[in-house]
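Heads up: the structure comes next, in structure tokens.
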Number of protein chains: 2
Amino acid sequence: MTSPLDLTGLDLLVRVAETGSVGAAARQLGMAQPNASRLLAKLERQLDLTLLVRTTAGSRLTTEGEVVVAWARDALAGVERVLLGARSLAAQRKAHLTVASSLTVAEHLAPRWLARFRREHPDLHVSLDVGNSHHVLERVVSGRVPLGFVESPTVPRTVASTTVARDRLLVVVGPTHAWARRRTPVTAAELVGSDLVLREAGSGTRETLVRALDLAGHALGEQRLELASTAAVKAAAAEGGAAGVVSELAVAAELATGQLVAVPVADLDLSRSLRAVWSPERRPEGPAAALVRLARADAQASPSSSV
Amino acid sequence: MTSPLDLTGLDLLVRVAETGSVGAAARQLGMAQPNASRLLAKLERQLDLTLLVRTTAGSRLTTEGEVVVAWARDALAGVERVLLGARSLAAQRKAHLTVASSLTVAEHLAPRWLARFRREHPDLHVSLDVGNSHHVLERVVSGRVPLGFVESPTVPRTVASTTVARDRLLVVVGPTHAWARRRTPVTAAELVGSDLVLREAGSGTRETLVRALDLAGHALGEQRLELASTAAVKAAAAEGGAAGVVSELAVAAELATGQLVAVPVADLDLSRSLRAVWSPERRPEGPAAALVRLARADAQASPSSSV
DNA sequence: GCCCGGTCATACGTTGACGGCATGACCTCG
DNA sequence: CGAGGTCATGCCGTCAACGTATGACCGGGC
């Protein structure tokens, strides 16, 4: 709880593991060697562990140090994704390739694509233009952007598309909710009659749900609790007595740790496809085509699980 | 590169997303509201993005803010795993349940188990005792520890065991290595005749390789490059011209981003099982049994992919 | 044998950043 | 129209982190 939340020490530790030297690791990070030494000592003090064996000819990891390094690499990769993604959001100006993307894709798939893409084309700056499905399609047909990704169940005939992955909406509740231990599926009628927390109207997730309910002959009431962000929906569902409806991609981690429980649902088809879309006159080529390939390959490499 | 690596701002942002208020988020982190306001402004400046729409009745996320929050949640979960894991390594004293674990299990599986376990039993302190396979077995048979996890191909008859997951060693090379584009499997003979980077003798990974080679009628030479940590092996393989041999669990992330490439291997069975082991007189019960259940469930939920 | 290049730790002085408090502007609700 | 909530700004003190300088130690080479 009262943790520093500063990863510099862990970054340093990982580099010590790779180079075998505190000084070399310090140079990689552009800091002076004494600071690195101090920082590592502080890290050991805070974690109450001895991570390194300092010899006068370098430093080696202890067993515990190795374990911590493995964990730290994951954590650092996570913040690397944040920073890389943020740069892709910001660098509209100097971007060589701009791709429009719906929220679900940007939130949960784009980080891996960006990391991989950057590695294969280190000289190319990719920029993300995030908006709802309508926004993405508009950008593509207007030619402002050569490629887009949407999670709509259908796309208009004005654009060409290919499915790169599949997605599914889940009904999730906190572990204390009555539905958490339920084994018989919840019906669509029960769903519309219960307390639900949802994204606001206009979100792709919400539209998919409304459409599925419509096909089943049901309609959402008006008294739903609407929240501004997916994070808020998840937090509300985890805490309170209401059920949330979110993409399976958004809750993989929470399901794994048990913070949220998925409720089986009958009568409703909540799956949808994630599509790459482009203007028919401008078929993706070069980097854009590579990105589509990469996205499809990534999706089938990890069908549903994620971070 | 020149990034702050301080996640407090991101943590704050996530909490703003959940609560809808900068002040409330600040209180959750025990900081004063003005500091939170400043920190968020700084974060926006550093990322060159506008993440929040501050109204006088609270703060809502922009679209870009939502995306960043989703990424940040992953990153924060990663450092949470590090901190939780470190506590489990350190708190030998106040632990209610101590489990011995080999390196591979501790590095790549334990974080998820610990997070999940902590959620189901918040009052129980679990401690990790990490060592090589021999160390784990010794602790179990001597009764110092009620439960252990090892990745040995076989276990002695003095302990009872059950397989909770499977694992496989991979031969990996950097993308520039000649084997990177190879489609025909590498033979065991080629393997022993090539430049290899390995963990030092005594590691479970190394022993598994030696055993597999032995069964195929080959033996490792002596001139191998030995490195102290798995991280060092991965770094050396990614950079240089040598091939590395590591657990698939250790390189899932690098394979996904293309930093490393797996080379197909013929003639060798490099798979092994990860087993929970315990003293026959002391069958796991209560929390220990729950941990075994949890481990097995987790493994079959995500067969091979991971963070 | 001796010295040079490498390792890591300690000491010291400065500065810059962060935190807390006080204040002000603004909106909403009663 | 006031009360309670939101967020931003300004001021100031303190502490922590940084860079430089130095010392102890080991190994390898000429």
Side-chain angles (χ1 to χ4, degrees), chain A residues 1-47 49-62 65 69 225-229 232, chain B residues 1-47 49-62 65 69 225-229 231-232 235:
Chain A
M1 276 301 167
T2 167
S3 327
L5 268 277
D6 184 13
L7 298 200
T8 318
L10 291 179
D11 194 3
L12 200 51
L13 184 68
V14 169
R15 293 179 136 89
V16 172
E18 291 172 358
T19 62
S21 154
V22 173
R27 280 191 298 276
Q28 284 190 6
L29 291 182
M31 71 173 62
Q33 174 267 330
N35 297 322
S37 182
R38 265 193 294 264
L39 190 50
L40 288 170
K42 178 184 171 189
L43 183 66
E44 288 183 313
R45 209 179 60 241
Q46 284 178 339
L47 298 184
L49 292 172
T50 73
L51 303 170
L52 294 176
V53 192
R54 295 99 144 115
T55 85
T56 168
S59 298
R60 219 182 316 288
L61 291 175
T62 65
V69 162
L225 176 57
E226 297 191 355
L227 293 175
S229 76
Chain B
M1 277 302 164
T2 165
S3 329
L5 268 277
D6 183 15
L7 297 200
T8 319
L10 291 178
D11 195 3
L12 200 51
L13 184 68
V14 169
R15 292 180 138 87
V16 172
E18 290 173 358
T19 62
S21 155
V22 172
R27 280 192 297 275
Q28 282 189 8
L29 291 182
M31 71 174 62
Q33 173 268 329
N35 297 321
S37 181
R38 267 192 290 262
L39 189 51
L40 288 170
K42 178 186 172 186
L43 183 65
E44 288 184 313
R45 208 179 60 241
Q46 284 177 339
L47 299 185
L49 292 172
T50 74
L51 303 170
L52 293 175
V53 190
R54 296 97 143 114
T55 83
T56 166
S59 297
R60 219 183 317 287
L61 291 175
T62 65
V69 162
L225 176 56
E226 296 193 354
L227 292 175
S229 76

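Chain naming here is simple, since letters A, B, ... match the order of the sequence lines and numbering starts at 1 in each.
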B:Leu51 has an atom CG; how far is it from atom C1' of D:dC7, in whole Å?
-> 16 Å
Between C:dC18 atom P and A:Asp6 atom CG, what is the distance in whole Å?
-> 11 Å
B:Leu12 side chain near B:Met31 side chain, heavy-atom distance below 4.5 Å = yes
Taking atom C1' of D:dC7 as reference, at what distance in whole Å does atom CG of B:Leu13 sit?
-> 16 Å
Side-chain donor or acceptor of B:Thr62 paired with backbone N/O of B:Thr50 under 3.5 Å = yes
Only one of A:Leu29, A:Leu10, A:Val22 forms a side chain to side chain contact (heavy atoms under 4.5 Å, CB included) with A:Arg15, so which one is it?
-> A:Leu29
Say whether, by atom type as modelled, one donor and one acceptor occur between the side chain of B:Glu44 and the main chain of B:Leu51 under 3.5 angstrom.
-> yes
Does A:Ser59 have a side-chain nitrogen or oxygen under 4.0 Å from the phosphate oxygens OP1 or OP2 of C:dC8?
-> yes
Can you find a heavy atom in the side chain of A:Leu13 that is under 4.5 Å from one in the side chain of A:Leu61?
-> yes
Quiz item: B:Ser21 side-chain donor-acceptor pair to D:dG5 base, under 3.5 Å = no
Is the number of heavy atoms from other residues, nucleotides or ligands within 6.0 Å of CZ (B:Arg60) greater than 12?
-> no
Nearest of D:dC7, D:dC26, C:dC8 to any side-chain atom of B:Gln33?
-> D:dC7
Every protein N/O lying under 3.5 Å from an N/O of nucleotides 11-18 of chain D:
from, atom 1, to, atom 2, distance (Å)
D:dA17, OP1, A:Lys42, NZ, 2.6

Choose from D:dA8, C:dC8, C:dC27 the nucleotide whose nearest atom is closest to any side-chain atom of B:Thr56.
-> C:dC27
Closer than 4.0 Å, any side-chain N/O of B:Thr55 to the OP1 or OP2 of D:dT6?
-> no
B:Arg27 CZ to C:dG19 C1', in whole Å, measures 18 Å
Return the value, rounded to whole Å, for the distance between atom CZ of A:Arg54 and atom P of D:dC26.
-> 17 Å
